[in-house]
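Per chain, numbering begins at 1; letters A, B, ... match sequence-line order. This one's a predicted model, so the numbers in the text were calculated from it and none came from an experiment.
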There are 2 protein chains.
Amino acid sequence: MAAGRPREFDPDEALDRALEVFWHRGYEGASLPELTKAMGINRPSMYATFGNKEALFRKAMDRYAEGPAAYVRAALERPVAREAIEQILAGTVALLSDPTHPKGCFAVQGALACGEASEGIQKDLADRRMAGLEAVRKRLERAKSEGDLPDDLDPENLARFLMTIMHGLAVQAAGGATRQQMEQVVKLVMMVWPKNVKRPDRKN
Amino acid sequence: MAAGRPREFDPDEALDRALEVFWHRGYEGASLPELTKAMGINRPSMYATFGNKEALFRKAMDRYAEGPAAYVRAALERPVAREAIEQILAGTVALLSDPTHPKGCFAVQGALACGEASEGIQKDLADRRMAGLEAVRKRLERAKSEGDLPDDLDPENLARFLMTIMHGLAVQAAGGATRQQMEQVVKLVMMVWPKNVKRPDRKN
DNA sequence: CTCTTATTGTACTCCTCGGTACATAAAACT
DNA sequence: AGTTTTATGTACCGAGGAGTACAATAAGAG
């Protein structure tokens, strides 16, 4: 089989650049000229490699989940629930205030409100956020079954509370809040989050 | 002075309709055809009355602050800080789950991320959110001076915590969260919010 | 009734958008 | 070598965006 002319760019790297633009501008606010310029390629190369703007955005979503947002999954693996939540919030603040990324959260500002043509993207992003909620909820269910969470607290409500904080911080960051300001909010949250029930080193 | 042909629509009502469209679609996602159709007028009438799309959006911002979002100001006038905060959160949930309005918060999703051309709008909306933060902060400063807030709590941090909850709820609502789900979050917040220090009826 | 003024509706303008045709270039295969 | 295959770059396409020119219309002023 003939292999043809080799590609002159790294698709993963180009995707990372595209993610940054979508992150900064949102799906609709990111134009193809701005995207391709950031990616360092021309338009036909983008279409040949990624399909179209929508497909590029979806691949950027995956990239975000596996890259910048991977800290959530990692944090949830902690044996003690309270530490998992603490680590999630620390990771959130770190990401939101990382000067090497656009301000805010890609999953929030990628397509929070949009024209009719982008409603599919909007829904998919909302589903991703919902998946995050589910992951936290499941982790808190586990904590409850392990006696790692007070009996009178509902994992679903607590998970939604945590997502509310995360998404609220994302809006603060988009509006220019500093790392210190967000850290203070997290500090308040952790002051009121249920204290450990089980010993840190007992299980898992 | 000759008065000319009379206007055939009510500007305030038309502005309300425009607000709903901007609320639903965001600044960039709202097209002029969709706007004017909802307003029940044609394009030249819109330009003659409001200036242009950007001016229309800014007037919609004012309308939002004085209308749907006016509950914040009202709540802050309550004599007891904890009741003020409770009322703000109740009002937030009520607004976010009001089926007569688009899902979510206009001030958050109006222009959270956008193209370069709309950055002025984006900044102005962020300033509005910041003004809300300032109003809450001032109210909590007052509470502190009145002995209505524990000494070890910083009004600024607490205010930002509250805004984080409000904006986080706005994202939840945009993603389809129900009134009940949001109420549960608020319940959790109020469980941990500092209890009254002064008597409810002493001052003011 | 006529003149003036301001709104209305249609039909445009120009611009940018996402997406693509097509010719050229650079590799592998025979 | 020549052929095949794939990527690149330019230059385009139709669609939809915001904004406007202009003629028609509806009131008050004289």
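- Rounded to whole angstrom, the span from the CD atom of B:Glu116 across to the C1' atom of C:dT16 amounts to 14 Å.
- Among residue pairs with one or both ends in residues 53-75 of chain A, those qualifying as ring pair (Phe, Tyr, Trp, His ring centres under 6.0 Å) are A:Phe22-A:Phe57, A:Trp23-A:Tyr64, A:Tyr27-A:Phe57, A:Phe57-A:Phe106, A:Tyr64-A:Phe106; sequence neighbours excluded.
- A donor and an acceptor atom, one from each side chain of B:Arg160 and A:Gln172, are located under 3.5 Å apart.
- Around atom CD of A:Glu116, no more than 12 heavy atoms belonging to other residues, nucleotides or ligands sit under 6.0 Å away.
- Of the residues in residues 21-35 of chain B, none lies under 4.0 Å from DNA chain C by heavy-atom distance.
- By the side-chain hydrogen bond (donor to acceptor under 3.5 Å, both in side chains) test, A:Thr49 is found to be paired with no residue, residues two or more places apart in sequence or in another chain being considered.
- In this structure, OH of B:Tyr47 is placed 12 Å from P of D:dA21, rounded to the nearest angstrom.
- Not counting sequence neighbours, the partners of A:Ser97 by the side-chain hydrogen bond (donor to acceptor under 3.5 Å, both in side chains) test are A:Arg179.
- If you take CG of A:Asn52 and P of D:dC13, they are 22 Å apart, rounded to a whole angstrom.
- Regarding B:Glu54, its CD atom lies at a distance of 13 Å from the C1' atom of D:dG19, rounded to whole Å.
- With sequence neighbours excluded, no residue satisfies side chain to side chain contact (heavy atoms under 4.5 Å, CB included) with B:Ala74.
- In this structure, NE2 on A:His167 lies 10.0 Å from CG on A:Leu112, to the nearest 0.5 angstrom.
- Within a 6.0 Å sphere centred on NZ of A:Lys103, heavy atoms belonging to other residues, nucleotides or ligands number 12 at most.
- Residue A:Arg7 contributes atom CZ, which lies 7 Å from atom P of D:dT8 at whole-angstrom precision.
- A:Tyr47 does not carry A:Arg43 over the face of its six-membered ring by the limits of under 6.0 Å from the centre and within 45° of the normal.
- Taking atom CE of B:Met46 as the reference point, atom C1' of D:dT20 lies 12 Å away to the nearest angstrom.
- For C:dG19, its base sits under 3.5 Å from the side chain of A:Arg43 at one donor and acceptor pair at least.
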Atom pairs, N/O to N/O, protein against nucleotides 22-25 of chain C, distance under 3.5 Å?
unit_1, atom_1, unit_2, atom_2, d
C:dA25, N3, A:Arg5, NH1, 3.2

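- One can place CD1 of B:Ile41 at 11 Å from C1' of C:dT7, the figure rounded to the nearest angstrom.
- Atom P of nucleotide D:dG19 and atom CG of B:Asn42 are separated by 16 Å, given to the nearest angstrom.
- Counting only heavy atoms from C-beta on, B:Pro6 has its side chain closest to D:dA26 among D:dA26, C:dT8, C:dG19.
- Considering only side-chain N and O atoms, B:Ser45 lies under 4.0 angstrom from the phosphate OP1 or OP2 of C:dT8.
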